[in-house]
Amino acid sequence: MEFLTTIFSGPILPATLFLGFLVIWNLLAVAGTFDLEMPGSDIDVDIDGDIDGHIHPASDGLALLMLKWLNLKDVPLVLWMGALGVIWWFVSGVLWSLIDVHFFSRPGWLWSGLLVVRNLALAVPLTKLATSPMRGWFATERIDSLSLIGQECQISSSVATPEFGQVKFKTEGSPLLLNVRTDGPHLAQGARVWITHYDAKRRLYTVSPTTVATTASSDKPDSTS
């Protein structure tokens, strides 16, 4: 009971809620309910290293530098956010239990907010250090979005529809997980598809089921004729 009271105390509460959200989101993504892409991401590092979003040209260099420094160009966003959630929650709990509780028995909103900012400011560089060894795990050949058009891949989510879906695209390194929408049919996990279009605004690929087997069977001569 004391543990629950601690993790839901003022300075720790935001980190607890953030970590809980990430756990629920990833469980739903694994179950095939949601895309694995984080919601509300206006700035995204595309496969070809470009930045999509509302950034003024003068700030592009600084944004790229920050993304590179934080390892966000080399580590998937979901994994990076997961590391941040765990570290932020751990830092918040340790500092509250060892230091903050001796000065603030019940901190108000102002002090809680300041402590939250402090904890997050410490967690971000620690997340950078924690994710640095992971950069080599996801090293793949440079692939731009348009070059994927016409390539064959496999549905990795439980189902792919015009509203939802993910595919796994094999590379020389780790496979790429791409958010996709079908051009009409509902396709089950494991189905082979072609990438036919890329929507740069929504960062989504359109896929169509391969018809090689169907075409081959329809081209066979009729034995009854």
Could you measure the distance from the [atom1] atom of [X] to the [atom2] atom of [Y]? Nearest 0.5 Å is fine.
| X | Y | atom1 | atom2 | value |
| --- | --- | --- | --- | --- |
| Asp183 | His197 | CG | NE2 | 11.5 Å |
| Arg192 | Ile155 | CZ | CD1 | 9.5 Å |
| Ile87 | Leu120 | CD1 | CG | 11.5 Å |
| Leu176 | Ser156 | CG | OG | 11.0 Å |
| Leu115 | Ile12 | CG | CD1 | 10.0 Å |
| Gln154 | Thr210 | CD | OG1 | 10.5 Å |

For a quick test of reading the model, state the closest non-hydrogen atom pair linking [X] to [Y] and the distance between them.
| X | Y | result |
| --- | --- | --- |
| Pro162 | Pro185 | CD-O, 4.2 Å |
| Pro209 | Leu187 | CB-CD2, 4.0 Å |
| Val116 | Pro14 | CG2-CG, 3.7 Å |
| Ala15 | Trp89 | CB-CA, 3.7 Å |
| Leu95 | Asn119 | CD1-OD1, 3.4 Å |
| Gln166 | Val180 | N-CG2, 3.8 Å |

Just wondering, do [Y] and [X] contact through their side chains at under 4.5 Å, heavy atoms?
| X | Y | answer |
| --- | --- | --- |
| Tyr198 | Arg203 | yes |
| Leu178 | Ile195 | yes |
| Leu114 | Pro11 | no |
| Tyr205 | Val167 | no |
| Arg181 | Asp199 | no |

Common cluster, Val117/Ile99, ILVMFWY with side-chain heavy-atom separation under 4.5 Å
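Per the 4.5 Å side-chain linkage, Val117 and Ile99 are not co-clustered.
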Is Ser97 reaching over with its side chain to a backbone N or O of Val94, donor-acceptor style, under 3.5 angstrom?
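A pair under 3.5 Å: no.
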Are the side chain of Thr206 and the backbone N or O of Thr196 linked by a donor-acceptor pair below 3.5 Å?
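The answer is no, because no donor-acceptor pair under 3.5 Å joins these two groups.
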